[in-house]
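Take a look at the structure below.
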Number of protein chains: 4
Amino acid sequence: MPKVSEAHLTQRRQQIMAAALACFSRQGFHRTTMQDIVKESGLSAGAFYTYFASKEAIVVALAEEHHRTEAAALAGADTATDSVDALTTLAQVSLGRLDNAEERQWRRVTVQLWAEALRDPHIMEVTRSGLDGPLEVLTDVIARGQREGTLPPGPDPGATARVCAAIFQGLVLQQAWEPELDVSSYIEAVLAVLAGLATAAAGAQSVTTG
Amino acid sequence: MPKVSEAHLTQRRQQIMAAALACFSRQGFHRTTMQDIVKESGLSAGAFYTYFASKEAIVVALAEEHHRTEAAALAGADTATDSVDALTTLAQVSLGRLDNAEERQWRRVTVQLWAEALRDPHIMEVTRSGLDGPLEVLTDVIARGQREGTLPPGPDPGATARVCAAIFQGLVLQQAWEPELDVSSYIEAVLAVLAGLATAAAGAQSVTTG
Amino acid sequence: MPKVSEAHLTQRRQQIMAAALACFSRQGFHRTTMQDIVKESGLSAGAFYTYFASKEAIVVALAEEHHRTEAAALAGADTATDSVDALTTLAQVSLGRLDNAEERQWRRVTVQLWAEALRDPHIMEVTRSGLDGPLEVLTDVIARGQREGTLPPGPDPGATARVCAAIFQGLVLQQAWEPELDVSSYIEAVLAVLAGLATAAAGAQSVTTG
Amino acid sequence: MPKVSEAHLTQRRQQIMAAALACFSRQGFHRTTMQDIVKESGLSAGAFYTYFASKEAIVVALAEEHHRTEAAALAGADTATDSVDALTTLAQVSLGRLDNAEERQWRRVTVQLWAEALRDPHIMEVTRSGLDGPLEVLTDVIARGQREGTLPPGPDPGATARVCAAIFQGLVLQQAWEPELDVSSYIEAVLAVLAGLATAAAGAQSVTTG
DNA sequence: AATGAATGAGCTTTCATTCAT
DNA sequence: TATGAATGAAAGCTCATTCAT
């Protein structure tokens, strides 16, 4: 085939990435051979290397896509004026997004990316920026809440943001292990925690201002 | 049969496990070769196979040791009569335990075990029982708190327990990525969350009983 | 059939051969990929195969071109009546021709053709005829010189011709390795050898005839 | 097999080198696969890599062995007081050495090393030092001959040494191409050339001193 | 005639495991 | 028990060539 449309090239890349995602989810990065990916994609070994430089490159490409998708999902979820509302929305959006059969492959691959990041600086970079972005957003919202008195004033906003991030990460992990896990009750529990913080803040506020 | 003392055997096993832990932490399971472990341990390839059946076996052995150690650390941390106190103690003990340079290797290996569990039923079993045990303890404590009115009555105790577990898992992950992370402020933030729940429960209680 | 002028075809062939020569000189036959040649030539992979049947075919084509050029350079260099003069002219022409920056690529490729000839009967044929032609000319001239008494009568003319060929081949090799080698002093040394033979013949002659 | 004698290791290395030499002579470096070498050596693929780091490494090892053997063969061949005698001895020893069926493999591999040297700095280094050593010896002998009047005074000793080296290199090449080539008549022709130089020197001397 | 994405056999190298000593 | 050289299947990747457009 001669010169081919840009769209064709993009579609091929995605075809390969989808195949790789399926293989990685099923067998992990290291137990997946190039043959597996090639077979799953319906292409040839050579074709793969037209689109990706190496096996590692496709892991990085997947990490980047994952990061992009997650960032997009969160974009604009923190616009609520009230910071507790903002946190609630963020929790619902980010956690709710995981309750999706189509995300199952991604959850499994995400856990592997966490491990892979420990070895590969490039993947670490991408993976970390998937944490640092939300962490910043959360820290800002929490700090605002503390200033406004809708959140308890004591704990460091950055540390609290990390706790929120952990609540997300832990769900990813637990769901990867147990696909049928009930996400909605998990979200309810998280919302109860947020409500608790709001209540405590209100109490502290009334004491302060009372 | 130049029989050798039981102690000698145990010591050799631990020598190999320490070597494997160091290698796995440094390079990951899959990038670590048997040669690496053998070299690090100061033994020979043949000797390794006297003590472990395979490369996978040592991963499982490490998972089991990790599980055992964690279980021991938590044992008896939930004895407080008051359930919020019990949760507070559990948080301090489990999270505080991570704030330890010597645990650094373990944190990195733990994250890899999470990924590995997705592929290997044996590791999944061990890893899951490292989650299920604490989950049961937490669920009991939380259910008790709800009955006694020291925790808000709404959310499912099991789901809330999962949120607590997530707070632990997320810290392991974040610390693996960022060894210098400030654990004490993280713990403070967690305690503030628990305090919030207690406050909210107290409020709900007074409304109910008032 | 968008037929194209003969000249166009010839020009394309030479364009490709020049590209191949450059690549082969730079990286050797085996380290040069078709992609390299295609890129260097500014054509497409498909276009290459319109003009040459295979990668090997272009090596053969280069060998043939090399052979043709060398034969042309030597043609008519042996016309001197006196055989020592003829040898001197042959030496000056053939060796002098090498002292040329433009020949540098060819020298490097020639050495590779020598090696390649050992594997490929077709290249051996072409390469050998590049030796056998001159060998015949030299043998004739030397035999004549011996008959006429201008060269010492002892050694086999064919063997002496081979020594002359070796003097040429060795220079090609040494220049390929050391592009800045001083060819003119090399030629002087060769001429001194020829002069020595002439002197020895003259002495022998005077003894015989005296 | 456990710890094994030094001799065993050396023998294995030589076993592999012999196998590689046979393969390279037969099919060239690039057409020889590791499988070929492994099969010829009677060992396994893994065993090869216990003794050599790569396919390239064995080419270098062969180049080094070749260099060593040649240097040894020439050592002490230039001790004759008279420089023409010394040159004669050098010619007989170095050229005569090639007239040996066992050397056939080496001749073919040598020609390939010449080509390989153009690409690989390490092989170039080894190969070049196989030329530079003899060149130095020859230059010294020739310069001495010129001082003593046993060789014609005109040409640069270094250049003349290169001509001598070429006579050797050309024979290697011609023999590689034509195994049945008559070396003894080639040597005779070379000796006649040397005799010619001696005669010319004697003549020049008598003119000068006469 | 020209394109260049696609092919897939075949390459070099690795490494978990074994077993003669 | 301990050794470490040996094994060989299987890995990731390359590249000469083809052919639909």
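Not measured: the values here are computed from a predicted model. Letters go in sequence order (proteins before strands), and every chain restarts at 1.
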Of residues 28-50 of chain A, the positions that come close to DNA chain E - non-hydrogen atoms, cut-off under 4.0 Å: A:L43, A:S44, A:A45, A:G46, A:A47
Contact check, side chains of D:R104 and D:S25, non-hydrogen atoms, under 4.5 Å: no
Contact under 4.0 Å: A:Y51 side-chain N or O vs E:dA6 OP1/OP2: yes
Under the side chain to side chain contact (heavy atoms under 4.5 Å, CB included) test, residues paired with D:T69 that sit two or more places apart: D:E65, D:R97
For A:E64, side chain to side chain donor-acceptor pair (under 3.5 Å) partners two or more places apart: none
Side chain to side chain contact (heavy atoms under 4.5 Å, CB included) partners of A:A20, counting only residues at least two apart: A:F24, A:I37, A:I58, A:L62
Neighbours of DNA chain F within residues 14-24 of chain B, by heavy-atom distance under 4.0 Å: none
For C:T33, all residues meeting side chain to side chain contact (heavy atoms under 4.5 Å, CB included), sequence neighbours excluded: C:Q35, C:D36
Under the side chain to side chain donor-acceptor pair (under 3.5 Å) test, residues paired with B:T10 that sit two or more places apart: none
Most 5' of D:A53 and B:E56 on DNA chain E, judged by nearest nucleotide: D:A53
Test side chain to side chain donor-acceptor pair (under 3.5 Å) applied to D:T110 - qualifying residues, sequence neighbours left out: D:H66
Nucleotide pairing, DNA chain F (Watson-Crick or G-U, distances under 3.5 Å), in dot-bracket with [ ] and |: .||||||||||||||||||||
Whole-Å distance separating the CD1 atom of B:I58 from the P atom of E:dA16: 12 Å
Within residues 39-51 of chain D or reaching into it, pairs that qualify as side-chain hydrogen bond (donor to acceptor under 3.5 Å, both in side chains) - sequence neighbours excluded: D:R26-D:E40
Side chain to side chain donor-acceptor pair (under 3.5 Å) partners of C:E116, counting only residues at least two apart: C:H30, D:R31
Value rounded to 0.5 Å, distance of NE2 in A:H67 from CZ in A:R128: 11.5 Å
Distance in angstrom units between B:Q11 CD and F:dT1 C1', rounded: 15 Å
d(CZ, C:F52; P, E:dA2) in whole Å: 13 Å
Those residues that, when tested against C:A115, pass side chain to side chain contact (heavy atoms under 4.5 Å, CB included) (two or more places apart): D:V111, D:Q112, D:A115
Any C:R12 side-chain nitrogen or oxygen under 4.0 Å from OP1 or OP2 of E:dA2: yes
